[in-house]
2 protein chains.
Amino acid sequence: MPEAAGSHIPAFERLNSLPVRRSLGQGVFENLKRAIIEGDLPPESRIVESRVAEALGISRTPVREAIHKLEREGLLRQGPRGGFFVAGLSSSDIEETFGIRSVLESYAARLAALRHQEGELRPLEEKLEAYEKSLKRGDLDLLPRINTEFHDLLYGLSRSPRLIKMINDLRDHIYRFRLVILRIEEMARLSNRDHRLMLKAMRERDPDEVERLVREHILRGQSVVLREFDMAGN
Amino acid sequence: MPEAAGSHIPAFERLNSLPVRRSLGQGVFENLKRAIIEGDLPPESRIVESRVAEALGISRTPVREAIHKLEREGLLRQGPRGGFFVAGLSSSDIEETFGIRSVLESYAARLAALRHQEGELRPLEEKLEAYEKSLKRGDLDLLPRINTEFHDLLYGLSRSPRLIKMINDLRDHIYRFRLVILRIEEMARLSNRDHRLMLKAMRERDPDEVERLVREHILRGQSVVLREFDMAGN
DNA sequence: GTTCTTGATACCGGATGCAAGATACAGGAT
DNA sequence: ATCCTGTATCTTGCATCCGGTATCAAGAAC
């Protein structure tokens, strides 16, 4: 909400910049989630309520909330003797997740091709230009972020919020592994070519072509990640 | 541990048949979930921790656990002023969910066609025969259950547990609405024909055909449900 | 020396207590 | 009559407490 209700009343303007009143539990949830998907909490490491609570200077209650939510989301598993652990990913987990992404995201792209409206492709073009600029400069670190934003914009045009949420949840699970794809400059260039082709097919409203492009785009990512993963001795 | 420590000591044998020690919170979660997806708790009705706790004769703590998990799962939403409500479904929610199901389940079926092994189609055949027997008898009430079991068996052959879980979660969301499909005898017969064709294509390991059949099968369900839903004045 | 028992400790699930914010309502001012 | 406002109640979020169980280690029994 960029234009909040009272934003034009000078005396109250500052109130809008106050931190949003979020529950402690929600904060813990988001923090833990970030820590897990970014790899700060390595797989198989144990999560102990009281430790987390103590570290954050709060009670166990909100920590429990967060842990249970993360368990439902599949980022934590409870060991056979109780106790929660960060869920690790096997090679087949990764393969499975990329496979599911390939059908969900290609479907979202198909819907986007059918449903996008006048002018909505402009932000995609801009993102693409930003990507190419970074690529030319050798700023490979920026690419994952821009890449994700491009795909978010694309899927956003599907106007299917549940689908988008599912896609995002899946991406969170394998966030760490997606990073390696664009660190290979050859892949970064291939990605860019794919994006150009997607945009072209979007303009021509060719759902079959867009669907095919996204599917192959993701499956290429899958093979890169699996190769890296297996080489790392997993 | 299928062979518990004292299972051969007669005096303690009965202890092993005690209900599996499940956490209260998990039980509440499952109960509430059932109540929601079966419509016992109508959409938009408010869920109050203390009420639920009192009704079940337990404290608020496990109820909170359950509520928060249900919220993450999308079956509850919190109102703007706090407080939890049963999430209602709009026409577009239903449309969206069936669309996502069509791609996920057809993908699962494709994998099943590629991966099933010797003799694994037998349970599917039996389920199909049970379905036809009930259909001939006019036992329409039995059909949804048998139908679900058939699809579960089919997708199980995909050997993709995450995919299966996602499919089940989606089905839970629209459980109430799926019921109407098979109450129409014409649809029940069409369904049966679809299942026969799927089984045939599975035997021939024709993934494209299986995928196509499942997709159209689900989209037909979608149109039936949407028609009923809109007629009911939603 | 090996195994069994037993006690200490850590941790989780559940219950309860308490405070802050929201809601509803009643009474009073305009 | 309508709108404001103050109060009582309800509900949630967080903290704390309690009991049960699993883990581990040290000591006892064989």
Side-chain angles (χ1 to χ4, degrees), chain A residues 4-6 12 15-16 18-33 36 41 44-73 75-87, chain B residues 1-9 12 15-16 18-33 36 41 44-73 75-87:
Chain A
F12 295 145
L15 288 179
N16 294 327
L18 279 178
V20 179
R21 172 72 179 132
R22 216 182 36 198
S23 81
L24 258 183
Q26 191 62 20
V28 177
F29 172 75
E30 287 163 15
N31 275 349
L32 277 181
K33 181 167 173 175
I36 292 171
L41 290 172
E44 305 308 322
S45 57
R46 185 167 190 182
I47 306 291
V48 177
E49 278 178 23
S50 41
R51 297 261 176 288
V52 177
E54 202 176 353
L56 299 177
I58 59 178
S59 84
R60 283 173 48 211
T61 307
V63 178
R64 289 184 51 174
E65 246 177 60
I67 287 180
H68 284 290
K69 286 188 189 176
L70 289 168
E71 187 220 347
R72 272 269 340 135
E73 193 156 338
L75 291 171
L76 294 182
R77 295 192 209 283
Q78 78 259 58
R81 303 269 175 280
F84 290 93
F85 300 84
V86 176
Chain B
M1 28 189 152
E3 277 293 325
S7 64
H8 59 290
I9 302 176
F12 296 145
L15 289 178
N16 294 327
L18 282 176
V20 179
R21 174 76 182 126
R22 218 183 32 199
S23 82
L24 258 183
Q26 191 62 21
V28 176
F29 172 74
E30 287 162 15
N31 274 351
L32 276 181
K33 181 168 172 175
I36 293 172
L41 290 172
E44 305 308 323
S45 57
R46 184 166 190 182
I47 305 292
V48 177
E49 278 178 22
S50 41
R51 297 261 176 287
V52 177
E54 201 176 353
L56 298 176
I58 59 179
S59 86
R60 285 171 45 212
T61 307
V63 177
R64 285 180 58 109
E65 245 177 62
I67 287 180
H68 281 105
K69 286 187 189 176
L70 288 168
E71 185 222 347
R72 277 279 329 146
E73 193 157 339
L75 290 171
L76 294 182
R77 296 192 209 282
Q78 78 260 58
R81 302 269 176 280
F84 290 92
F85 300 85
V86 176

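Letters go in sequence order (proteins before strands), and every chain restarts at 1.
The nearest whole Å value for the distance from the CD atom in E65(A) to the P atom in dA15(D) is 11 Å. Rounded to whole Å, the distance from CG on L76(A) to P on dC12(C) is 12 Å. Atom CD1 of I67(B) is separated from atom P of dG13(D) by 9 Å (rounded to the nearest Å). Separating the CD1 atom of I47(B) from the P atom of dT11(D) is a distance of 12 Å, rounded to the nearest angstrom. As rounded to whole Å, 13 Å separates atom C1' of dC12(C) from atom CD of E71(A). Atom C1' of nucleotide dA15(C) and atom CD of E54(B) are separated by 15 Å, given to the nearest angstrom. With rounding to whole Å, Q78(B) atom CD is found 15 Å from dA22(C) atom C1'. Taking atom CG of residue L56(B) and atom P of nucleotide dG14(C), one finds them 12 Å apart after rounding to whole Å.
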Protein-nucleotides 17-20 of chain D N/O pairs under 3.5 Å:
none

Can you pull every protein N or O that's under 3.5 Å from an N or O on nucleotides 21-24 of chain D?
from, atom 1, to, atom 2, distance (Å)
dT23(D), OP1, R81(A), NE, 2.9

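Distance CG/L56(A) to CG/L24(A): 9.0 Å, rounded to 0.5 Å.
In terms of heavy atoms, A66(B) sits closest to G25(B) at CB-O, 3.9 Å. The two residues L41(B) and V86(B) make their nearest non-hydrogen contact at O-CG1, 3.9 Å.
Contact annotation: side chain of R64(B) to base of dG14(C), donor-acceptor pair absent below 3.5 Å.
Evaluation of the side-chain hydrogen bond (donor to acceptor under 3.5 Å, both in side chains) rule for E44(B) yields no partner, not counting sequence neighbours. Checked against side-chain hydrogen bond (donor to acceptor under 3.5 Å, both in side chains), R72(A) has the following partners two or more places apart in sequence or in another chain: E73(B). Residues passing the side-chain hydrogen bond (donor to acceptor under 3.5 Å, both in side chains) test with E54(B), sequence neighbours excluded: none.
In terms of position on DNA chain C, the residue among G83(A) and P62(B) whose nearest nucleotide sits closer to the 5' end is G83(A). Sequence order on DNA chain D of the closest nucleotides to S59(A) and E49(B) puts E49(B) first from the 5' end. Residue-to-nucleotide proximity on DNA chain D shows that, of R46(B) and I58(A), the 5′-proximal contact is made by R46(B).
The R51(A) side chain lies nearest to dC11(C) when the options are dC11(C), dG13(D), dT11(D). Comparing dG14(C), dT12(D), dC14(D) by their nearest atom to the side chain of V48(B) picks out dT12(D). Taking the side chain of F84(A) as heavy atoms from C-beta on, and the options dG13(D), dG13(C), dT11(D), the nearest nucleotide is dG13(C).
Between T61(B) and the phosphate of dG14(C), there is no side-chain N or O to OP1/OP2 separation shorter than 4.0 Å.
Between E71(B) and H68(B), some side-chain heavy-atom pair lies under the 4.5 Å cut-off. A 4.5 Å side-chain heavy-atom check between I58(A) and V28(A) finds at least one atom pair inside the cut-off.
Considering K33(B), R64(B), Q26(B) in turn, Q26(B) is the only one that fulfils the side chain to side chain contact (heavy atoms under 4.5 Å, CB included) rule with K69(B).
The stretch residues 45-64 of chain B participates, sequence neighbours left out, in no ring-ring contact (aromatic ring centres under 6.0 Å, His included) pair at all.
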